[in-house]
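Take a look at the structure below.
Numbering of ligands and ligand atoms starts at 1, following listing order. Predicted model only: the values in this text are computed from it and were never measured.
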Amino acid sequence: MRVRNRKGATELLEANPHYVVLNPVDAKGKWRETFGNDHPIHIEVGSGKGAFITGMAKANPAINYIGIDIQKSVLSYALDKVLAADVPNIKLLWVDGSELTNYFADGEIDRLYLNFSDPWPKKRHEKRRLTHKSFLDTFKQILPEKGEIHFKTDNRGLFEYSLVSFSQYGMILKGVWLDLHASDFEGNVLTEYEQKFSSKGQVIYRVEAEFQ
Ligand SMILES: C[S@@+](CC[C@H](N)C(=O)[O-])C[C@H]1O[C@@H](n2cnc3c(N)ncnc32)[C@H](O)[C@@H]1O
């Protein structure tokens, strides 16, 4: 998803340092201090316009959330939602998910969410998929032993690719949902893409995978 540049996005992000961590390199190894408590930290890589991460933060006040997106304008729309929600347990980062080891110490993150990641269907773009082995190397490093990735998508091709990628990496698939919205899964928080695709009748897939 490419979003048109939003006028004033930089100024908006810079004006809200309480929510937007502009120098995340300095926070490496100190995220619990940054939040001011010892609560678990869950991140979403590719958080888009922020409906999921904000909804999760509202629903789970004893968990700290960090929304990460590579596009500044997109992150500024997420900030609108965070400001409206006015909750203390959320931060936003404008960084590339492939560089997370620059911003998080080993094992500093307790869970990682991927939602409706760009599918990059062409084989020559495989390395850009967020469930490619090279991203799993990065994610494994910042998660604890047996750390988990929770992944949702409407894209069957990316879902099947990711199941194979997780399995080949030696991860355990703790749960697989082939039609999340028709299942008895409780507490699902919808993302913007999920709202859009499910309203068109598309099936939503979900997997929970655990590093070994
Ligand atoms: C298709 S959108 C989905 C947004 C949101 N998760 C949702 O479900 O509505 C994918 C998002 O991932 C972001 N993204 C793509 N590659 C990324 C990367 N390497 N690091 C961080 N964010 C990335 C994009 O900028 C975009 O906002």
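- At a cut-off of 3.5 Å, with distance as the only test, a side-chain donor of K72 or T10 sits close to an acceptor on the other residue.
- Formation of a donor-acceptor pair under 3.5 Å by the N16 side chain with backbone atoms of L12 is found in this model.
- Looking at heavy atoms from C-beta onward, K152 lies in side-chain contact with N188 at the 4.5 angstrom threshold.
- Note: Y193 and F116 have tilted aromatic rings, judged against thresholds of 30 and 60 degrees for the angle between ring planes.
- Outside the 6.0 Å centre-distance limit, the rings of W177 and Y205 are not counted as a close aromatic pair.
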Could you pull out every donor-acceptor pair under 3.5 Å between side chains of residues 55-71 and any protein atom, sequence neighbours left out?
unit_1: N60; atom_1: ND2; unit_2: M56; atom_2: O; d: 3.1
unit_1: N60; atom_1: ND2; unit_2: Y65; atom_2: OH; d: 3.1
unit_1: N64; atom_1: ND2; unit_2: N37; atom_2: OD1; d: 2.8
unit_1: D69; atom_1: OD1; unit_2: Q71; atom_2: N; d: 3.0
unit_1: D69; atom_1: OD2; unit_2: S47; atom_2: N; d: 3.4
unit_1: D69; atom_1: OD2; unit_2: G48; atom_2: N; d: 2.9
unit_1: Q71; atom_1: OE1; unit_2: V3; atom_2: N; d: 3.1
unit_1: Q71; atom_1: NE2; unit_2: M1; atom_2: O; d: 2.6

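- Protein residues with a heavy atom closer than 4.0 Å to ligand 1 are M1, E44, G46, S47, G48, D69, I70, Q71, V74, V95, D96, G97, N115, F116, D118, L130, T191, E192, Y193, listed by chain and number.
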